[in-house]
Amino acid sequence: MTDLKPLFVLNGPNLNRLGKREPEIYGHTTLAEVEAMCRAAAGARPVRFHQSNIEGEIINWIHKAIDGGAAGIVINPAAFTFTSIAILDALKQFPGPIIELHISNIHRREAIYHNSLVSKVATAVIAGLGPEGYDVAVRAMTGHLLRGR
């Protein structure tokens with residue numbers, strides 16, 4: 001049993017469709033494979049991995065991260081990135097590091113995808129590395145936490 005605080009990995013709408021949804025953009029990796037990748041990258045640190053198509057559930061998980069003393073949040077808010085002031089407001093309350101993650105490079109896509117609300121509070125942003133971006137994000141977060149930043 002570890003006494004390390006957990007890392008929350010939160011996923012927004014349609015990410016449950018990974019592996020099937022627009023594979024030319026998102027690849028063939030499934031969300032279950034992404035979860036396994038995150039757990040492996042976290043090593044001994046516990047991971048709370050969640051996905052929802054419902055904005056309120058994501059907000060509730062952010063509240064659990066705040067109240068439960070999560071070490072950090074890696075979040076791929078998907079479409080909520082550009083529309084959810086409620087998720088932004090919840091993330092503002094989190095005292096630890098936040099990594100915003102996108103499978104595609106949102107800045108190379110249509111203009112509607114260029115203005116992230118979440119970036120306003122994120123410690124770092126990773127975009128365009130495909131599903132492997134999750135591995136990068138979790139490794140970056142664990143390193144960040146080890147260095148105490």
Exercise. Can you check whether S116 reaches E100 side chain to side chain, under 4.5 Å on heavy atoms?
Worked result: yes
Problem set entry | Main-chain N/O of E35 paired to R39 side chain as donor or acceptor, under 3.5 Å | no
For this session: Establish whether L15 and I54 are linked, either directly or via other cluster members, by ILVMFWY side-chain heavy-atom contacts under 4.5 Å.
Result: no
Exercise. What about V125 and Y26, same hydrophobic cluster or not, with Ile/Leu/Val/Met/Phe/Trp/Tyr joined at side-chain heavy-atom distances under 4.5 Å?
Worked result: no
Exercise. In Å, rounded to the nearest 0.5 Å, how long is the span from CD1 of I85 to NZ of K120?
Worked result: 11.0 Å
Give every donor-acceptor pair under 3.5 Å between a side-chain atom in residues 4-14 and any protein atom, sequence neighbours left out.
residue	atom	partner	partner atom	Å
N11	OD1	Y134	OH	2.5
N11	ND2	H50	O	3.0

Seminar exercise, completed: In short, V118 meets P77 closest at the heavy-atom pair CG2-CG, 3.7 Å
Exercise. Taking all non-hydrogen atoms of both residues, which atom of I58 and which atom of S52 are closest, and how far apart?
Worked result: CD1-O, 3.7 Å
Problem set entry | Approximate separation, where rounding is to 0.5 Å, of H28 NE2 and E33 CD | 11.0 Å
Problem set entry | More than 12 heavy atoms of other groups within 6.0 Å of R21 CZ | yes
For this session: For residues L18 and I103, determine if any side-chain heavy atom of one lies less than 4.5 Å from a side-chain heavy atom of the other.
Result: yes
For this session: Indicate, with yes or no, if W61 and I66 share a hydrophobic cluster defined by side-chain heavy-atom contacts under 4.5 Å among Ile, Leu, Val, Met, Phe, Trp and Tyr.
Result: yes
Seminar exercise, completed: Between the CZ atom in R17 and the CG atom in L31, the distance rounded to the nearest 0.5 Å is 12.0 Å
Problem set entry | Qualifying residues under side-chain contact (heavy atoms from CB on, under 4.5 Å), relative to A90, sequence neighbours excluded | I59, I62, H63
For this session: Apply side chain to side chain contact (heavy atoms under 4.5 Å, CB included) to the pair N16 and N53, showing each step before the final yes or no.
Result: CA-CA 8 Å; N16 57 309; N53 297 318; 3.3 Å; yes
Exercise. When you measure from the side chain of T123 to the backbone N and O of I99, does any donor-acceptor pair fall under 3.5 Å?
Worked result: no
Problem set entry | Minimum-distance pair of heavy atoms, taken over all atoms of C38 and F49 | SG-CE1, 4.0 Å
For this session: State, yes or no, whether a side-chain contact exists between R45 and L145 at a heavy-atom distance under 4.5 Å.
Result: yes
Exercise. Which pair of heavy atoms, one from P131 and one from M37, lies closest together, and at what distance?
Worked result: O-SD, 3.6 Å
For this session: Identify the heavy atoms of M141 and I73 that sit nearest to each other, and give their distance.
Result: CE-O, 3.4 Å
For this session: Any chance you could lay out the side chain to side chain contact (heavy atoms under 4.5 Å, CB included) test for I75 and I87, step after step, and finish with the verdict?
Result: CA-CA 10 Å; I75 184 167; I87 289 175; 4.3 Å; yes
Problem set entry | I106 with F80, same ILVMFWY side-chain cluster at under 4.5 Å | no
Exercise. How far apart are the closest heavy atoms of L91 and I98, and which atoms are they?
Worked result: O-CD1, 3.6 Å
For this session: Provide the full list of side-chain hydrogen bond (donor to acceptor under 3.5 Å, both in side chains) pairs with a residue in residues 78-98, sequence neighbours left out, each pair given once.
Result: E55-S84
